[in-house]
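Step one of this worksheet: look at the structure below.
Only this structure's heavy atoms are used, side chains among them; waters, hydrogens and symmetry mates stay out. None of the values given here were measured: they were computed from a predicted structure.
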Amino acid sequence: MRLYWEVFRHGYRRWATYRAATAAGVFTNTVFGFLRAYVLVAVFAASATIGGYDRSDALTYVFLGQGMIMAVYMWSWWEIALAIRSGDIVTDLSRPFDYQAYWLAQDLGRACYHAVFRGIPPFVVGAIVFDLRMPESPLTWVLFAASVVMAVCVSFGVRFLVNLAAFWLLDYRGVGAIATACGTFLSGFVVPVAFFPGWLAVIAHALPFRGMIQVPIDVFLEKESGGALFVMLAVQVGWAAALFAAGRLVLRAARRRVVVQGG
Amino acid sequence: MDNELRLFPRLAWSRVRGQLEYRLSFALMLIGYFVMTLADFLAIWVIFQHLPLLAGWSLGEVAFLYGTSYVSFRIADMVVGHLDMLPTLVRTGALDTVLTRPLGSLYQVVTIDFGLRHVGAIAQGLVILVIACTTAGIPWDAGRALMLLVTIACGTAIFIAIWIVGATTVFWTLGSGLEVLNAFTYGGNQMANYPINIYAGWLRRIIAFFVPLAFVTYFPSLYILAREDPLHTPELLRFASPLVALAALLVARAVWGQGIRHYQSTGS
Amino acid sequence: MAIIEVRDLSKQFRVARPREGARGPLARVRREYTDVRAVERVSFDVEPGEMVGYIGPNGAGKSTTIKMLTGILVPSGGRLTVAGFEPSRQRKEMARHIGVVFGQRTQLWWDLPLADSFTLLKHIYRVPDERFAANLGRCIDTMEMAEFLRTPVRQLSLGQRMRGELTAALLHNPEVLYLDEPTIGLDVVAKSRIREFLTSLNRDAGTTILLTTHDMGDIERLCRRVIIIDRGGILYDGDLERLKARFATERTLVVDLEEPAPALDVPFATVERVEGPRQWLRFQRADTSAAELIAAVARAARIVDLRVDEPSIEDVVLRIYAGAAKGIAINDPSPG
């Protein structure tokens with residue numbers, strides 16, 4: 001357990017050294033927040049509510065999303081794929097620790113840094129300029145934090161699987177682009193899933209991506225309560241667990257492949 | 001200069017051949033880029049499922065803005081998108097090799113790569129643009145058809161200029177602030193996807209006159225779509241894109257020159 | 001007319017470093033700057049057809065000088081011309097007259113067959129077809145490159161790639177060729193192949209070559225003249241043999257005697273080592289000649305075999321660096 005704690009801290013520190021890059025990233029995330037916010041301002045000038053969201057909900061949605069995007073990290077993470085390509089994976093797999101847990105610990109460390117330093121500033125700027133909705137119940141903050149952690153786990157589960165594809169494909173970037181597209185759109189990052197027309201909403205609800213963005217934000221906005229809230233969070237946890245299990249199965253198959261090929 | 005023009009197809013083709021070596025993965029990447037970028041349009045489409053007009057613009061009209069902006073942006077991305085790698089070129093010394101050759105430095109850095117994979121994204125933009133051209137109720141004539149081509153050319157030039165200026169800052173910041181570039185390139189495209197009258201006044205003034213994104217689609221599209229300008233800007237602006245694009249390229253070239261001189265006076 | 005003229009050439013870098021004691025988020029914002037003098041008032045001339053070794057320890061200012069000569073860096077002071085051009089102002093024009101090989105970088109297209117890089121360079125430098133064919137043919141023959149011309153550059157061995165790099169730098173018949181560590185990482189065979197090629201290039205085409213290297217074998221085989229630089233200034237500029245004569249003053253006579261003997265007692269020499277019948281005698285050039293010493297030894301014992309060890313150029317240079325570090329003046333500005 002001590003090892004994974006150290007790996008977690010390492011994941012955090014790896015990013016903490018790039019302060020100028022963090023500042024640049026905050027700037028960019030905030031600019032995008034503004035661009036998306038003005039589109040929604042125009043939308044809600046024409047219609048008072050959409051899918052149960054009013055203007056204030058939607059703006060909160062945008063800036064929460066911009067804050068979570070780096071913590072959830074759905075774009076361009078290829079460390080395992082690169083290790084597979086370079087062949088370093090063989091030594092990595094022979095080390096005396098759980099490969100998946102190792103990377104999860106590192107990713108949670110990274111997410112911790114990003115949640116604080118890339119997440120809070122865009123949201124604060126958004127809250128100063130626009131009228132954002134804050135949770136009414138203090139318990140909501142706790143549930144939101146837990147749900148963000150789960151969102152990172154779901155995202156990690158997806159990224160881990162996509163990276164492992166590099167065992168079978170010469171170039172992982174094609175699969176990566178498709179996974180990125182699904183992640184960006186079906187997570188509700190670009191437009192809230194609540195805005196989706198019926199059939200598209202059905203697809204989004206049937207897939208894990210919603211757990212990366214939409215679920216934590218709906219917790220924050222207190223869109224569900226009681227049993228419905230519990231079910232929403234349980235589904236998110238369930239997806240994280242299912243993706244981990246799938247990751248382990250695929251890794252086992254990949255390991256056999258490495259052994260057969262002789263590394 | 002004419003040596004450089006003459007060489008361009010040869011250098012571009014050499015980059016294309018390098019990428020075609022892995023055909024399957026290249027095909028996957030094209031599809032990936034097509035799907036990935038389609039999500040951007042789906043966002044607009046989803047919004048219009050709830051309202052007929054956005055700030056006075058129909059889905060067809062916004063799709064037209066989106067299509068022209070997207071095609072321009074992704075062509076620019078294909079030509080100069082790898083300027084994002086400039087810090088790597090500096091670190092590995094590849095820029096030194098560039099400086100020992102009898103060609104312009106900017107030209108060589110641009111021709112180091114040619115992002116053929118962006119064809120997938122360009123195709124997506126074109127599909128949306130073609131649909132928009134037939135559904136947005138455009139009173140087509142020769143002038144408008146010509147204007148569409150001019151608009152895409154000028155938009156591409158403006159995005160290229162933005163990319164160059166943004167990337168050149170790494171000569172001073174040594175790459176640590178490169179992500180700011182995304183706010184102006186990808187952010188610029190996002191901005192040009194929508195009519196500028198949805199943005200607040202201060203942001204609009206920046207777009208129109210500082211980072212000239214309004215000239216990528218908004219102003220010329222007013223002419224092509226034959227519509228009123230909700231902002232009542234002078235009609236002359238609708239035809240000003242070529243001048244703005246030329247000015248932007250000249251500024252970009254000057255900024256690059258300054259950047260290279262700074263590099264040469266500090267070393268790597 | 002010198003082909004390279006360097007006068008009082010200087011280069012200072014502004015180096016930022018985090019302010020001492022500054023911590024937290026502002027540490028990277030507030031910086032202190034210090035000026036580092038990488039090259040200071042360096043002057044030398046290189047005549048057409050010379051092959052000059054430009055050597056010095058790491059950080060001495062070697063590559064900064066080369067970067068100024070090739071137009072990559074703009075000098076902070078002084079003057080320089082290469083083939084009649086001023087590198088920083090006429091970079092593109094000059095580029096047609098020089099060739100550059102940086103041992104640890106590549107000027108080839110990584111993902112294309114080697115031959116395709118040559119074709120691209122032909123067009124970049126606008127080399128006429130016949131000249132291109134002749135130059136390429138000569139390189140392919142003398143460096144035995146035919147079998148890997150169609151191999152993508154990324155799959156070439158280091159030695160093969162270096163032959164490709166040299167060819168790439170020579171396709172346009174440069175008057176001056178700069179080589180930065182051209183044999184780094186190569187095995188003995190590859191090294192000697194490159195050295196032979198450079199010698200013939202210099203002899204047959206009259207190409208002026210400026211070579212920086214850590215490999216003293218390169219210098220001994222290739223260069224008659226060396227320029228030694230340390231801490232931005234020139235320590236020595238002149239004939240390699242004179243350098244040896246001046247600084248390699250200590251030689252060693254190794255004698256095999258008929259039978260083991262105690263350390264010999266001969267004038268002007270000290271016995272360094274005794275190993276059975278073999279003895280090592282160190283002596284100074286100024287004190288006695290090798291012939292006198294051999295005669296003296298022969299009077300004391302019967303000699304079976306002998307040899308005189310000259311110090312290697314590597315020892316000499318190491319001694320110069322060490323002397324310079326201690327502040328010992330060894331400057332010999334009169335060129336050989």
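For A/Lys223 (side chain) and A/Val215 (main-chain N/O), no donor-acceptor pair under 3.5 Å exists by modelled atom type.
Heavy-atom distances place the side chain of A/Phe32, and not its backbone, under 4.5 Å from chain B. In this structure, the portion of B/Leu54 lying under 4.5 Å from any heavy atom of chain A is its side chain and not its backbone. For B/Leu30, no part sits under 4.5 Å from any heavy atom of chain A, backbone or side chain. With a 4.5 Å cut-off on non-hydrogen atoms, B/Ile198 touches chain A through its backbone and its side chain both. The parts of B/Tyr199 that come within reach of chain A are both its backbone and its side chain, each placing non-hydrogen atoms under 4.5 angstrom from that chain. At a 4.5 Å heavy-atom cutoff, the contact between B/Phe184 and chain A is made by side-chain atoms alone.
For residues 66-81 of chain B, a heavy-atom distance under 4.5 Å to chain A picks out no residue at all. Taking 4.5 Å as the heavy-atom cut-off, none of the residues of residues 112-119 of chain B approach chain A.
The choice from B/Asp40, B/Val46, B/Ile31, B/Leu38 that makes the most heavy-atom pairs within less than 4.5 Å of chain A is B/Val46. Of the residues considered (B/Ala27, B/Ala43, B/Pro195), B/Ala43 shows the highest number of contacts with chain A, using heavy-atom pairs under 4.5 Å. Ranking A/Val26, A/Val39, A/Val31 against chain B, the residue ahead of the rest is A/Val39, based on heavy-atom pairs under 4.5 Å. Counting heavy-atom pairs closer than 4.5 Å to chain A, the top residue among B/Ala55, B/Gly120, B/Pro52, B/Gly187 is B/Gly187. Taking A/Thr30, A/Asn29, A/Leu35 one by one and counting their heavy-atom pairs under 4.5 Å with chain B, the maximum is reached by A/Leu35. Chain B forms more heavy-atom pairs under 4.5 Å with one residue of A/Ser47, A/Gly25, A/Ala23 than with any other, namely A/Gly25.
Within the cation-pi definition used here (under 6.0 Å to the ring centroid, within 45° of the axis), A/Arg159 does not qualify as a partner of A/Tyr73. For the pair B/Arg227 and B/Trp57, the cation-pi criterion (under 6.0 Å, within 45° of the ring axis) is fulfilled.
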When the side chains of residues 176-195 of chain A are checked against the rest of the protein, which donor-acceptor pairs come out under 3.5 Å, sequence neighbours left out?
| unit_1 | atom_1 | unit_2 | atom_2 | d |
| --- | --- | --- | --- | --- |
| A/Thr180 | OG1 | A/Gly176 | O | 2.6 |
| A/Thr184 | OG1 | A/Trp75 | NE1 | 3.2 |
| A/Thr184 | OG1 | A/Thr180 | O | 2.6 |
| A/Ser187 | OG | A/Gly183 | O | 2.5 |
| A/Ser187 | OG | A/Thr184 | O | 3.3 |
| A/Ser187 | OG | A/Phe189 | N | 3.2 |

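Atom CZ of A/Arg55 has 12 or fewer heavy atoms from other residues, nucleotides or ligands within 6.0 Å.
For the residue pair A/Arg36 and A/Gln66, a side-chain donor N or O sits within less than 3.5 Å of a side-chain acceptor on the partner. Between the side chains of B/Trp256 and B/Gln258, no donor-acceptor pair of N or O atoms lies under 3.5 Å. Between the side chains of B/Gln124 and B/Tyr33, no donor-acceptor pair is found at a separation under 3.5 Å. For the residue pair B/Trp163/B/Asp84, the side-chain donor-acceptor check at 3.5 Å is satisfied. A/Thr22 and A/Tyr113 share a side-chain donor-acceptor pair at under 3.5 Å. A/Tyr61 and A/Asp218 form no side-chain donor-acceptor contact under 3.5 Å, judged by distance and modelled atom types alone. Checked by atom type, the side-chain pair A/Asp54/A/Ser56 shows no donor-acceptor distance below 3.5 Å.
Note on residues 42-51 of chain B: no pairs pass salt bridge (charged side-chain N to carboxylate O under 4.0 Å, His left out), not counting sequence neighbours.
Here the two rings, on A/Phe34 and A/Phe130, have centers that are under 6.0 Å apart.
Here the straight-line distance linking atom CG of B/Leu59 with atom OG1 of B/Thr135 works out to 7.0 Å at 0.5 Å rounding.
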